[in-house]
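The block underneath contains the structure these notes are about, expressed in structure tokens.
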Amino acid sequence: MKVITWNVNSVRQRLARVIALLNRHEPDVLCLQEIKVTDDAFPLMEVTAAGYQCVTHGQKAYNGVAILAREPLHDVSLGFRGDPVPEEARVVSATVGDLRVVNAYVVNGKSTTDPAYQIKLRWLDALADWLATMAGPLLVMGDFNVAPTDLDVYDPALWHGQNLASEPERERIRRLESLGLIDLARAHAGDTPGPYTYWDYRAGAFHKGWGLRIDLMLGSADVAARLVSVEVDREERKPTAGEGKPSDHAPLILTLRD
DNA sequence: ATGTCACTTTACAAGTGA
């Protein structure tokens with residue numbers, strides 16, 4: 001089984017790349033974040049023509065998440081109980097086969113001195129409270145806007161204490177792990193830095209290797225036991241002829257034994 | 001730190017969010 005998570009930074013701008021990704025990797029499940037469209041504006045025809053069903057939790061201009069799958073999506077849920085900012089479309093979940101899939105776009109936080117940072121911490125607290133109530137095979141993935149450890153930032157000294165790498169945020173990720181969820185990319189990579197999933201558009205960050213690992217896949221133990229690999233499709237972060245500009249995030253690809 | 005991008009608006013440039 002193959003599962004992909006990708007922050008597309010506008011599904012309308014990235015549609016050709018999304019369809020190409022589906023054709024190239026043929027994932028069973030694709031979770032998208034920052035689709036930046038309302039549900040009625042989601043490119044349903046194109047996704048359907050590619051052979052995928054989908055559920056969307058969209059929003060105008062900002063945020064918005066979607067799950068695409070080849071098999072039917074059951075028990076769809078939009079948002080989550082206890083969300084401090086329920087007006088923002090950041091979570092969608094559904095069951096595929098016997099796997100519960102949670103797709104999340106975590107509050108960015110802007111900077112540790114911004115009020116949005118405190119909302120981010122409360123949001124992650126509420127997400128953990130909600131996930132703690134779940135049972136059975138579980139895969140929580142998406143743009144967490146947190147680099148869990150210093151292995152996950154290109155320059156730990158520069159990023160020390162900053163938004164995306166600060167200790168309170170990292171504590172929230174450890175709380176998710178304390179629920180029994182396993183950081184699958186880290187489990188696969190061991191002590192090797194990265195794999196990075198995000199590079200700022202500015203300053204030629206991708207070319208310079210200034211990456212962060214802020215897109216995560218967290219699996220329950222029964223899911224982690226099936227882990228084959230977790231890879232980043234770095235080609236998607238490069239300009240591609242005919243498919244438009246890249247997102248600032250690259251897709252994270254999980255393969256599980258069936 | 002900053003070689004950017006995508007969104008919106010009683011739009012045609014500027015502010016916002018990332």
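Numbered from 1 within each chain, the chains take letters A, B, ... in sequence-line order. As a basis for the values below, the full set of heavy atoms in this structure was taken, side chains included, without hydrogen atoms, waters or symmetry mates.
- One C1' atom belongs to B/dA11, the other to B/dT16, and the distance between them is 15 Å to the nearest Å.
- Scanning atom types as modelled, one donor and one acceptor separated by under 3.5 angstrom connect the side chain of A/Tyr154 and the base of B/dA1.
- When the nucleotides B/dA1, B/dG17, B/dT2 are ranked by their closest atom to the side chain of A/Tyr62, B/dG17 comes out on top.
- Separation of the C1' atoms belonging to B/dT2 and B/dG17 is 16 Å when rounded to the nearest angstrom.
- Nucleotide B/dC7 holds its C1' atom 9 Å from the CD atom of A/Gln13, rounded to whole Å.
- Ranking B/dA1, B/dA6, B/dT2 by closeness to the A/Leu158 side chain, first place goes to B/dA1.
- If you measure from atom CZ of A/Arg202 to atom P of B/dA1, you get 11 Å, rounded to the nearest angstrom.
- Aromatic pair A/Tyr105/A/Trp123: centroids not less than 6.0 angstrom apart.
- The distance from atom CZ of A/Phe206 to atom P of B/dT2 is 22 Å, rounded to the nearest whole Å.
- Listed candidates were B/dA6, B/dG17, B/dA18. Nearest to the side chain of A/Ser10 is B/dA6.
- Crowding of A/Glu71 atom CD: a count of heavy atoms from other residues, nucleotides or ligands under 6.0 Å not exceeding 12.
- Residue A/Lys245 has its side chain nearest to B/dC5 when only B/dC5, B/dT2, B/dC7 are considered.
- Within the structure, every side-chain polar atom (N or O) of A/Ser247 is placed at least 4.0 Å from both OP1 and OP2 of B/dC5.
- Distance CD (A/Glu34) to C1' (B/dG17): 8 Å, rounded to an integer number of Å.
- The nearest whole Å value for the distance from the CD1 atom in A/Ile214 to the C1' atom in B/dG17 is 14 Å.
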_The test is salt bridge (Lys or Arg N to Asp or Glu O under 4.0 Å); show your working for A/Arg213 and A/Asp183 and say whether it passes._
CA-CA 11 Å; A/Arg213 188 174 73 92; A/Asp183 181 344; 2.8 Å; yes
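- With distances taken from any side-chain atom of A/Ala61 to the nucleotides B/dT2, B/dT8, B/dA6, the minimum falls on B/dT8.
- The NE2 atom of A/His57 sits 11.0 Å away from atom CD1 of A/Ile67, with the distance rounded to the nearest 0.5 Å.
- Computed from coordinates, the A/Asn163 CG to B/dA18 C1' distance equals 11 Å when rounded to whole Å.
- Looking at the side chain of A/Trp159, the nearest of the listed nucleotides B/dA1, B/dC7, B/dA18 is B/dA1.
- Rounded to whole Å, the separation between the P atoms of B/dC7 and B/dG3 comes to 22 Å.
- Not one side-chain nitrogen or oxygen of A/Lys60 sits closer than 4.0 Å to the OP1 or OP2 atom of B/dT8.
- In the interface, the side chain of A/Lys208 is paired with the base of B/dG3 through a donor and an acceptor atom under 3.5 Å apart.
- B/dT10 sits 23 Å from B/dA6 when the P atoms are compared, rounded to a whole Å.
- The side chain of A/Trp210 sits closest to B/dA1 out of B/dA1, B/dT4, B/dA18.
- In the set B/dA18, B/dA1, B/dA6, the nucleotide with an atom closest to the side chain of A/Arg14 is B/dA6.
- Side-chain atoms of A/Glu34 and A/Asn9 form no donor-acceptor pair, as typed in the model, at a separation below 3.5 Å.
- Atom CG in A/Asn63 sits roughly 17 Å away from atom P in B/dT16 (whole-Å rounding).
- For the residue pair A/Glu236 / A/Ser247, no side-chain donor-acceptor distance below 3.5 Å is found, with atom types taken as modelled.
- Each of A/Arg12 and A/Asp248 lies near DNA chain B, and the nucleotide nearest A/Arg12 is the one positioned closer to the 5' end.
- A residue-by-residue look at A/Val107 and A/Tyr201 shows that A/Tyr201 has its nearest nucleotide of DNA chain B further toward the 5' end.
- Within the 4.0 angstrom heavy-atom criterion, only backbone atoms of the sugar-phosphate kind lie near A/Tyr105; the bases stay farther away.
- Note on A/Glu169 versus A/Arg172: no salt bridge recorded, every NZ/NE/NH1/NH2 to OD/OE distance being 4.0 Å or above.
- Rounded to whole Å, the distance from CG on A/Asp143 to C1' on B/dG17 is 13 Å.
- At B/dC7, none of the side-chain N or O atoms of A/Gln59 fall inside 4.0 Å of OP1 or OP2 (strictly under the cut-off).
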